[in-house]
Amino acid sequence: MNHPAAVPTASRENVLEGLADIVGARHVLSDPNDTEPFYEDWLHRTKGDALCVCQPADTAEVAAVVAFCAARGLPVFPQAGNTSSCGGSVPLPASGGVLLSVRRLNRVERVDPQNNAIIAGAGCVLADLKAAAAAEGRLFPLTLSSEGSCQIGGNVSTNAGGTAVLRYGTMRDLVLGLEVVLADGRIWDGLRTLRKDNTGYDMKALFVGSEGTLGIVTRVALKLFPLPTLQATALVAVASADDAAALLRHCHGELGSSLDAFELLSASQLDIVCRHVPGNRNPLPGHPWYVLVDLQSAERSQDLTARLEAAIAGALEDGIVADAVVAQSGAQIEDIWRLRHSVSESNRRHGLNFTHDVGVPIAQIPEFLHRADAAVAEAFAQAEVFCVSHMGDGNVHYTVTFAHDTAEPAALGARVTGMVHDIAMSLGGTFGAEHGVGQRYRASLRRYKSPVELDLFRSMKSALDPNGILNPGKVL
Ligand SMILES: Cc1cc2nc3c(=O)[nH]c(=O)nc-3n(C[C@H](O)[C@H](O)[C@H](O)COP(=O)(O)OP(=O)(O)OC[C@H]3O[C@@H](n4cnc5c(N)ncnc54)[C@H](O)[C@@H]3O)c2cc1C
């Protein structure tokens, strides 16, 4: 179901003037040279348009902007770092709305080591927030390749995942409290740092992952953890995805809670990471699958590298592992991690990609790969397939690639995606494990969610945004 925003009643000039009165004229951008980067996603796939980009400085200004738009029936498109992978962060074409950027709400307000909590504005860049926590001897564990650009409000609104979910959970597990501007401009102050609070419905859980369709996140309280002082990393070659699944079970048993990341890469994926991004090298060529295993610990007494080596030696003896390199220095750890963090860049350079963000129960990952590979090979002889998986979370980024100049990419993408999503869903999975729905996966939402769940979604949307002004055209 669409929730079209009410028909805008204000002229463009009136809107720009009214918003300038709230945030200051220089924080309302309307020149195409200034607005272009806000209206297009980083993949150059989804492009939209708005009356202007409005950049409030604080919660009061966000509330005033939203109230202004609500009074005139203007759609509001919230944006943080604009690294969304599913077209969630850009306005619709000819939207007639206002892009509300939270990037000026970028302050880390308080690091509280005693309470293991941090409070920051929604526009705080993830890497800056992590650095502020680290300066106080604390870890904020969310780890994404986009962390130099994405911002906390976006991370909350997408319920971001990344490479450390295996140990620390997704953003939903890391949020203690939120401050949110509602669709009518009122402010909900839920910015608590309590670990326990069973007094009524968990409102913050509703806003996490709602992709800007239920409210605008302005400030965030997050959990912190002891800062790890030790790290050990290995690149492990395995003969099959089944062996990778067996290695994951082995690592859980041998390494317990120090297991931080378990990332599966196909040989095809690693090949193009080395081909397109300078400085990358596969130290173990000639195998079909690779796993990046990472351990971290705040306990100084441990020899993590020795523990990792022992665990891998056991797996070699059991015949699960074909070969492995364990990093012996910080530089070697970085070299191994660079392979993983180069995936998005290399894929973008390589061709016309249809990347999927499916999730299946961990034990079903090999079956998913087997079925998807067979289906793609049968339907698209000219396609290449790359796979990188947060395997410890059951999350697979399954990319089907064609030549850059392939004809009718939209129709082709719909076919490929329908096929990949059908297979994931048939295995009890999801079509969107961590990136969300945005614009790109709305058809899948309608296709796979039950009528009851869709009804519940619509009820929540109507309750919180009855006029449909918040991020219309996304999710529902
Ligand atoms: C190289 C690369 C690697 C990535 N790796 C991962 C990964 O491993 N795991 C993962 O989960 N994601 C990953 N992503 C996707 C992306 O970085 C995340 O979804 C991130 O959380 C988006 O944050 P952002 O600040 O860029 O939000 P945006 O892209 O600006 O917005 C994302 C969504 O949130 C809404 N929104 C933004 N700010 C607010 C707000 N203050 N209030 C309400 N709604 C808001 C937007 O409307 C949009 O729907 C990756 C992206 C890139 C480019």
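Note: hydrogens, waters and symmetry copies are ignored here, and every other heavy atom, side chains too, is used.
For Gln79 (side chain) and Phe38 (main-chain N/O), a donor-acceptor pair under 3.5 Å exists by modelled atom type. When atom types are taken as modelled, the side chain of Asp173 and the backbone of Thr170 share a donor-acceptor pair closer than 3.5 angstrom. Glu136 contributes no side-chain N or O that, together with a main-chain N or O of Val111, makes up a donor-acceptor pair within less than 3.5 Å.
Tyr398 contributes atom OH, which lies 3.5 Å from atom CG of Asp373 (distance to the nearest 0.5 angstrom). Separating the SG atom in Cys124 from the CD atom in Glu109 is a distance of 9.5 Å, to the nearest 0.5 Å. Of the inter-residue distances, the one linking Tyr39 atom OH with Asp34 atom CG reads 10.0 Å to the nearest 0.5 angstrom.
Under a 4.0 Å N-O distance rule, the pair Lys47/Asp41 does not qualify as a salt bridge. Here Lys130 does not pair with Asp128 in a salt bridge; the nearest charged N to carboxylate O distance is not below 4.0 Å. Between Arg371 and Glu367 there is a salt bridge, since a side-chain N of the basic residue sits under 4.0 Å from a carboxylate O of the acidic one. A salt bridge does not link Lys474 with Glu211: none of the charged nitrogens is closer than 4.0 Å to a carboxylate oxygen.
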Discussion item. Determine whether Phe140 and Leu126 satisfy the following criterion, side-chain contact (heavy atoms from CB on, under 4.5 Å), listing intermediate values before the conclusion.
Written reply: CA-CA 9 Å; Phe140 180 64; Leu126 174 58; 3.7 Å; yes

Discussion item. Using the rule given for side-chain contact (heavy atoms from CB on, under 4.5 Å), can you reason through Val238 versus Tyr290, listing the C-alpha separation, both sets of side-chain angles and the distance that settles it, and then say yes or no?
Written reply: CA-CA 6 Å; Val238 292; Tyr290 298 87; over 6 Å; no

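Taking the six-membered ring where tryptophan is involved, the planes of His276 and His350 are perpendicular, since the angle between them exceeds 60° and thus also 30°.
Taking every heavy atom of both residues into account, Leu224 and Ala133 meet most closely at CD2-CB, 3.8 Å.
Under the 4.5 Å side-chain criterion, counting only non-hydrogen atoms from C-beta, Asp294 is in contact with Trp337.
Tyr448 is linked by a ring pair (Phe, Tyr, Trp, His ring centres under 6.0 Å) to Phe431, counting only residues two or more places apart in sequence or in another chain.
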